[in-house]
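Everything numeric here is computed off the predicted structure, so don't read it as measured data. Each chain gets a letter, A, B and so on, in the order its sequence line appears, and its residues count up from 1.
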Amino acid sequence: MNDVKSIILVGVGGQGAILVSRILTHGLVQAGYDVKMSEVHGMAQRGGSVSVQVRFGSKVHSPIIGRGGADIMVAFEKMEAVRYCEYLRPDGIAVINDYEILPMTVASGSAEYPEGTLDEMKKNFTTVIVDAASMARDLGNPRCMNIVLFGAMVNALGLSEIDWVAVMREILPSRILEVNLKAFDLGLKA
Amino acid sequence: MMKSLMSGNEAAARGAFEAGVKVCSAYPGTPSTEVFENLPQYGDDLYCEWAPNEKVAAEVAYGASIAGARSLCAMKHVGVNVAADPLFTAAYNGAGAGFVIITADDPSMHSSQNEQDNRLYSKFAKIPMIEPSNSQECKDFMIEAFKISEMFEVPVFFRMTTRVCHSKSLVEEGKRTEAKVVEYRRNVPKFVSTPANARLHHVDLEKKLSQIEEYSNQSSLNSEEMNGSELGIVTSSISYEYAKEVFEDKASYLKISICNPLPMAKIKDFAGKVKRLIVIEELEPFMEDQMKAAGIKCEGKNMTGKLFELNPELIRERILGQKAEFIVSNVKPVGRPPALCPGCPHRGFFYTLSRKSDYVICGDIGCYTLGCAPPLGAMDSCVCMGGGFSVAHGMSKAFQMNRESGRKVFGVMGDSTFFHSGMTGAVEILYNKGAVIPCVLDNRITGMTGHQDNPGSGYDLMGREALMIDIEKVLVAFGYENVITVDPQDLKAMQKAVDDALGSDVPAAIICKRPCLLIKRMKHDISCCAVDSNKCRGCRSCLKIGCPAIAVRFKKAFIDPTLCTGCTVCAQVCPFDAISKEAR
Ligand SMILES: Cc1ncc(C[n+]2csc(CCOP(=O)(O)OP(=O)(O)O)c2C)c(N)n1
């Protein structure tokens, strides 16, 4: 039972957290783990914050965790990291994209984007900060930011025994495969 | 056989397929929608459809059951309120071929207006209920549900919850077994519910329920797992998985999967084997109350509470008193409330109505409920699907009686909602001489639940072309003599439509017609707007439309080109002509 690992992916609707969770769970199932995953559909599609939880091990019961339950958090946006950090164990690892998406209230000037999100996370947790946005941009496809983060997560989790390249070949459409494999590589080394 | 990851919804669809289901009818609603989105893949083996609402879906499925085909319907929890009438009587009459109704409850209201616990419906309607706790059970128990339905000739409820519907876990598939076809014969005493027949039905139903309770006591679906006598846990649905996570093999379990009728003899027996008995269930004390009434000593809601969903952490804290260790950030995030998408056709309508703060706007349930949020803030009420017109009618009658008749009242709903249960409200306004302007926001699709077709969209669940029912003609046929169809993205025309409707001597209605930009099968004219910062004076008028693509940077408006769709609503409201459409 205690070999179960819990991952929480957080971000903003449309950033590709669901795709990452698909690749992740596919690889884990092939590797023979029991896997459960939970996501909430609905209102989140409309620009809201999203969270996806993935749990794996020899036998997994609950598909969801509560506060202090995740071994690793991958935040696709840095304010979402502080929103969901309660779900991370105090000795857990946070992989954080150094990237801002302004909520409408901030964009329109009626609220302010919080300062010091990354410092706060660094103070409280073991963190891996990734500038996935510029890496993806340098690769010529800003959308593969999610796969850069996926690479960084694989590295942090020590899941490199799984052949993720093969998994991505199965799941990703061929026209975006090559750039995403490069993105994954950059993430692994980040 | 290889196992694959499936959501509970996919697995329930698979289970119905394997059970030999033939006729399936549903109305979409989170978290149930994907059950039916997963049926068309089974092709010619079954017939599946979106019905206009849940009552119709339940009636169609029941009709198929009477005629001798295994049938399925699915709905979110509040859908059962709509379908309750036929379901209560279907229980009395009884099923023909297997008839299963999926109710998908939403503890914590991830996307719902209430968190009613539909297990209570199973008692109230006297319909047996099965509850799976993971995807494999969604598939396997669906087959069992059909079996029970036919064995006792009753409808069967299949209750899922958001976490069961939307969590993925491993499922081993099986093969489809075709159900035996029994030739249809008219059976008046059984299927015609006259009072004389119904009295017999009620007697019969009570008998069936006690037989099913006996079955429930014997069934392996209610299973015992003994790990000593210190602590016993009675649990069901997703709470079983949470309990296992927390108590592992340090407690004995009685997992209840047929929660109505409860296997009370089995529970009593289990209770006798343990020193302390705890019931772990989400929402209402459904099992606990019945167990206590049966004289079984147990604890439960005094610790777990009846609000919102549970999880392993909450169970650990509330039952074991063990607080989780976690760190709360001192840097506080600001909210990301959902908003109408950039380019959403509903925006122009709500912007226009938001200009007059004394308009009374009775909304309804759909994407357009987001018209209530600031800065648009153009909504007074939202109750249930189809309530927009009739609640508006009631408000306008109250204003008349209270001598506030100067108030202008609008009833607002979407196309899917109009066909669901809004048409009767449109009739009500005419029949009872209401002073309400009914407005249909026709974005050509059922948007909120993820783009399902509806009677106005021109396609069916299988993606085949269907008769496109014309809302304008419907309203004209009712007697609206002045039906104004307008493109809500053209703000001048939108304003004129509102003024015309308010000034009309004959009954008037407004149809705002423009497709949702997320409809995949249509080509959309997507471009981008940009701000000329020399002309922009930072007056913030464009912020009043509540578009996620517009921000203020260095005191000037800025349009995010990755979000903008070029709808030009912002350009139309800019008093300085500083925004224009660009080629992308
Ligand atoms: C009785 C009931 N059934 C289903 C739902 C789920 N639901 C919420 S909004 C909606 C569809 C609204 O579609 P439409 O009226 O076309 O508006 P749109 O979202 O496209 O703007 C549905 C089915 C519900 N809330 N209540």
Discussion item. For Leu543(B), which atoms come within 4.5 Å of any heavy atom of chain A: side chain, backbone, both, or neither?
Written reply: side chain
Practice prompt. Pick one of side chain, backbone, both or neither for Glu77(A), based on which atoms fall under 4.5 Å of a heavy atom in chain B.
Written response: side chain
Worksheet entry | Arg22(A) side, atom CZ; Leu5(B) side, atom CG - distance, nearest 0.5 Å | 11.0 Å
Worksheet item: Is the shortest distance from a Lys or Arg side-chain nitrogen in Lys36(A) or Glu245(B) to a carboxylate oxygen in the other one below 4.0 Å?
Response: no
Item to complete: Name the region of Leu170(B), side chain, backbone, both or neither, that has any atom closer than 4.5 Å to a heavy atom of chain A.
Response: both
Worksheet entry | Under 4.5 Å from any heavy atom of chain B - which part of Val54(A) | neither
Worksheet item: Roughly how far, to the nearest 0.5 Å, is CD1 of Ile64(A) from CZ of Arg163(B)?
Response: 4.0 Å
Worksheet item: Which one of Val552(B), Thr162(B), Val334(B), Ile550(B) has the most heavy-atom pairs closer than 4.5 Å to chain A?
Response: Val334(B)
Discussion item. I need the minimum non-hydrogen distance between Val331(B) and Pro114(A), along with the two atoms involved.
Written reply: CG1-CB, 3.6 Å
Response to the item:
d(His61(A) NE2, Ser169(B) OG) to nearest 0.5 Å is 12.0 Å
Item to complete: Identify which part of Phe125(A) has an atom lying under 4.5 Å from any heavy atom of chain B, answering side chain, backbone, both or neither.
Response: side chain
Fill in: Interface moiety of Tyr33(A) toward chain B, non-hydrogen atoms closer than 4.5 Å
backbone
Worksheet item: Which residue out of Pro142(A), Gly109(A), Ala111(A), Ser108(A) racks up the most heavy-atom pairs below 4.5 Å with chain B?
Response: Ser108(A)
Fill in: Choice from Glu86(A), Lys123(A), Glu112(A) maximising heavy atom contacts with chain B below 4.5 Å
Glu86(A)
Discussion item. I need the residue from Ser62(A), Gly66(A), Gly68(A), Pro103(A) with the largest number of non-hydrogen atom pairs under 4.5 Å to chain B.
Written reply: Ser62(A)
Discussion item. Within a 6.0 Å radius of atom OH on Tyr99(A), are there more than 12 heavy atoms belonging to other residues, nucleotides or ligands?
Written reply: no
Worksheet item: Any chance NZ of Lys255(B) has more than 12 other-residue heavy atoms, nucleotides or ligands included, within less than 6.0 Å?
Response: yes
Worksheet, complete the sentence: Here the gap from Met79(A) atom CE to Lys332(B) atom NZ, rounded to the nearest 0.5 Å, amounts to 13.0 Å
Discussion item. Given Arg336(B), which partner from the list Leu102(A), Thr105(A), Ile101(A), Val50(A) fulfils the side chain to side chain contact (heavy atoms under 4.5 Å, CB included) test?
Written reply: Ile101(A)
Practice prompt. Any chance you could measure Gln53(A), atom CD, to Ser167(B), atom OG, to the nearest 0.5 Å?
Written response: 8.5 Å
Discussion item. Let me confirm one number: the SG-CE distance from Cys547(B) to Met104(A), rounded to the nearest 0.5 Å.
Written reply: 8.0 Å
Worksheet entry | Check: Pro63(A) and Ile238(B) side chains under 4.5 Å, non-hydrogen atoms | yes
Worksheet item: Which heavy atom in Ile327(B) sits nearest to a heavy atom in Cys85(A), and how many Å separate them?
Response: O-SG, 3.6 Å
Worksheet item: Should we say atom CD of Glu325(B) is surrounded by more than 12 heavy atoms from elsewhere, each under 6.0 Å from it?
Response: no
Fill in: Contact origin within Ile315(B) toward chain A - heavy atom pairs under 4.5 Å
neither
Practice prompt. Please state whether the side chain, the backbone, both or neither of Pro548(B) comes within less than 4.5 Å of a heavy atom of chain A.
Written response: both
Discussion item. Which atoms of Val82(A) are under 4.5 Å from chain B, going by heavy atoms: the side chain, the backbone, both sets, or neither?
Written reply: both
Item to complete: Using non-hydrogen atoms and a 4.5 Å limit, figure out which bit of Asp119(A) sits close to chain B: side chain, backbone, both or neither.
Response: neither
Worksheet item: Got a sec: does the CZ of Arg143(A) have more than 12 other heavy atoms crowding it under 6.0 Å?
Response: no
Worksheet item: What part of Cys542(B) is in contact with chain A, defined as an atom under 4.5 angstrom from a non-hydrogen atom: side chain, backbone, both or neither?
Response: neither
Discussion item. Need one label for Arg540(B): side chain, backbone, both or neither, based on atoms under 4.5 Å from any heavy atom in chain A.
Written reply: side chain
Worksheet item: Do you know which of Glu120(A), Arg67(A), Arg83(A) has the most heavy-atom pairs with chain B at a distance under 4.5 angstrom?
Response: Arg67(A)
